[in-house]
Amino acid sequence: MNLKRIVPASWGLVPNWAKTDPESFRKKSNTLNARLESIFEKSSFRDSARDKRCLILADGFFEPHHEQNVSIPYFCFQPSKEYPKGDLFLFAGLYNELDSDLYTTTILTTEANSFFAEIHNKKKRMPLVLDQNLYLDWFDDISEQSVNEIMATGFTNKEFLAHPVSRDLYKKDVDANKSYIIKEVERNSLF
DNA sequence: CCAGACGTTGTT
DNA sequence: GTCTGG
DNA sequence: CCAGACGTTGTT
DNA sequence: GTCTGG
């Protein structure tokens, strides 16, 4: 049985071979996300895909919705009875240890399901939000095949909601956690 | 073969 | 360290 | 996203 | 026209 614990990690996985100079690695390579279709092939992710899988806590995220050549950010969240404005969920991700107790991490992305394809209608990708029933399996010492199986089928069945938010989100240095940012904006919404 | 990348997303 | 690109 | 390529082979 | 690279 693996030990699981919640630890802080910096966003942007740094693989072992780049540990000597993480800053220059991150300048050249954006590892904020990893396409799950290729994590076992990419040199930056392969080692972590084998034995450093993790889950990342969140209560919402933004996806761009394109309409008439303009991008409108949508706040996506998972309401529950207890937390109608957005309950916690877990992204499937990979991590690596830079130094003792200093971690870096990345969030897996996959082809959007029908709900997220309507929102993220250009690239049609979405983060892999893992089904509760697979949290433990994800940490196990499992084969590449099993990992692929979990990734292919493991997106949560719980309902997501989404609403448009201010384009201020795209301004430099804006704090996406400010309440006005996640507030729904008035517009002729598709949803 | 050797040099260079190694990654994803899409606003300003 | 290993793969990709020229 | 926009600018630029759009092709193949593999030695010293 | 479409893909690739930055």
Side-chain angles (χ1 to χ4, degrees), chain A residues 9-56 58 60-77 90-99 103-113 115-130 144 147-148 151-152 155 160 162-187 189-191:
Chain A
S10 59
W11 197 10
L13 188 145
V14 176
N16 284 339
W17 49 264
K19 279 181 179 178
T20 49
D21 195 351
E23 290 318 305
S24 73
F25 171 77
R26 280 198 171 124
K27 267 169 87 176
K28 281 189 283 188
S29 302
N30 172 359
T31 51
L32 301 177
N33 295 101
R35 297 174 65 92
L36 64 79
E37 296 91 334
S38 56
I39 56 171
F40 286 103
E41 282 129 46
K42 301 287 183 177
S43 54
S44 295
F45 299 131
R46 197 177 52 194
D47 293 342
S48 294
R50 290 195 180 122
D51 60 7
K52 292 186 175 62
R53 295 179 296 276
C54 66
L55 296 170
I56 297 152
F61 57 92
F62 299 99
E63 291 292 347
H65 181 69
H66 287 266
E67 228 174 293
Q68 296 149 28
N69 280 337
V70 60
S71 174
I72 306 196
Y74 272 64
F75 182 67
C76 308
F77 60 104
L90 294 172
F91 293 122
L94 307 175
Y95 72 94
N96 197 23
E97 191 171 14
L98 258 190
D99 284 313
Y103 298 94
T104 64
T105 191
T106 188
I107 295 172
L108 301 187
T109 66
T110 187
E111 188 178 358
N113 62 19
F115 178 79
F116 284 104
E118 275 193 62
I119 297 167
H120 192 180
N121 52 348
K122 202 147 190 176
K123 290 212 75 174
K124 301 187 176 166
R125 301 288 295 177
M126 65 179 180
L128 177 55
V129 177
L130 204 64
E144 175 172 338
V147 173
N148 283 328
M151 293 190 301
F155 194 84
F160 266 94
H163 62 68
V165 300
S166 168
R167 281 172 51 83
D168 286 358
L169 176 68
Y170 294 145
K171 286 182 180 165
K172 268 195 177 140
D173 301 325
V174 94
D175 180 0
N177 292 315
K178 285 248 165 81
S179 58
Y180 92 93
I181 288 293
I182 64 166
K183 191 177 166 209
E184 179 157 12
V185 296
E186 290 299 326
R187 54 189 302 284
S189 175
L190 291 175
F191 301 97

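Please read these numbers as outputs of a predicted model, since none were measured by experiment. Residue numbering restarts at 1 for every chain, and letters A, B, ... go by the order of the sequence lines.
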Starting at CZ of A/Phe62 and ending at P of B/dT9, how long is that distance when rounded to a whole Å?
18 Å

Nucleotide nearest A/Lys123 when distance is taken to its side chain, options B/dT9, B/dG7, B/dT11:
B/dT9

Taking the six-membered ring for Trp, is the centroid-to-centroid distance between A/Phe116 and A/Phe61 below 6.0 Å?
yes

With heavy atoms under 4.0 Å as the rule, sort A/Ser43 into base, sugar-phosphate or nothing.
base

From the set B/dG7, B/dG10, B/dT11, return the single nucleotide nearest to any side-chain atom of A/Glu63.
B/dG10

For A/Glu23 and B/dC6, give me the distance from atom CD to atom P, rounded to whole Å.
18 Å

Could you measure between the two P atoms, the one in D/dG4 and the one in B/dG10, and give it in whole Å?
23 Å

I want to know whether A/His163 and A/Phe77 have ring centres closer than 6.0 Å.
yes

Starting at NE2 of A/His120 and ending at C1' of D/dC1, how long is that distance when rounded to a whole Å?
12 Å

Testing B/dG10, B/dT9, B/dG7 for proximity to the side chain of A/Asn33, the answer is B/dT9

Are the side chain of A/Arg167 and the backbone N or O of A/Ser71 linked by a donor-acceptor pair below 3.5 Å?
yes

For C/dT2, is there a stacking contact with A/Trp17, counting only centres under 5.5 Å and planes under 30°?
no

Exercise: identify the closest heavy-atom pair between A/Thr31 and A/Gly12
OG1-C, 3.2 Å

Using atom C1' of each nucleotide, how far apart are D/dC6 and B/dC6 to the nearest Å?
24 Å

Span that lies between the P atom of B/dG7 and that of E/dT2, in whole angstrom
27 Å

Could you state the CZ-P distance from A/Phe40 to C/dC3, rounded to the nearest angstrom?
15 Å

Shortest non-hydrogen pair, A/Phe25 vs A/Leu13, comes out as CE2-O, 3.2 Å

D/dT9 versus B/dC1 - spacing of their P atoms, nearest Å:
15 Å

P atom, D/dT8 versus B/dA5: distance in rounded Å?
22 Å

Does any N or O in the side chain of A/Lys19 come within less than 3.5 Å of the main-chain N or O of A/Glu97, such that one atom is a donor and the other an acceptor?
yes

Plane angle bin for A/Tyr95 and A/Tyr103 - parallel if under 30°, tilted between 30 and 60°, otherwise perpendicular:
perpendicular

Which whole-number value in Å describes the distance from A/Phe45 CZ to C/dT2 P?
18 Å

Any side-chain N or O of A/His66 below 4.0 angstrom from OP1/OP2 of B/dT11?
yes

Taking B/dT9, B/dC6, B/dT11 as options, the one with an atom nearest any side-chain atom of A/Thr109 is B/dT9

Candidate nucleotides B/dT9, B/dG7, C/dC3, ranked by approach to the side chain of A/Arg46 - the nearest
C/dC3

Quick one: A/Asn121 CG to D/dC1 C1', roughly how many Å, whole number?
15 Å

Identify the nucleotide, in any strand shown, that forms a Watson-Crick or G-U wobble pair with E/dT4, with both distances under 3.5 Å; if there is none, say none.
D/dA3

Under a 3.5 Å cut-off for both contacts, is D/dT8 paired Watson-Crick or G-U wobble with anything, and if yes, with which nucleotide?
none

Ignoring backbone atoms, test whether A/Lys122 places a side-chain nitrogen or oxygen under 4.0 Å from the OP1 or OP2 oxygen of D/dC1.
yes

Under 4.0 Å: is that the gap between some side-chain N or O of A/Arg35 and OP1 or OP2 of B/dT9?
yes

Whole-Å distance separating the CG atom of A/Asp21 from the C1' atom of C/dG1:
16 Å

Among the candidates B/dC6, B/dT9, B/dT11, find the nucleotide nearest to the side-chain atoms of A/Arg125.
B/dT9

Among B/dT11, B/dT9, B/dG7, which is the nearest nucleotide to the side chain of A/Ser29?
B/dG7

A/Leu36 CG - B/dG7 P separation (whole Å):
15 Å

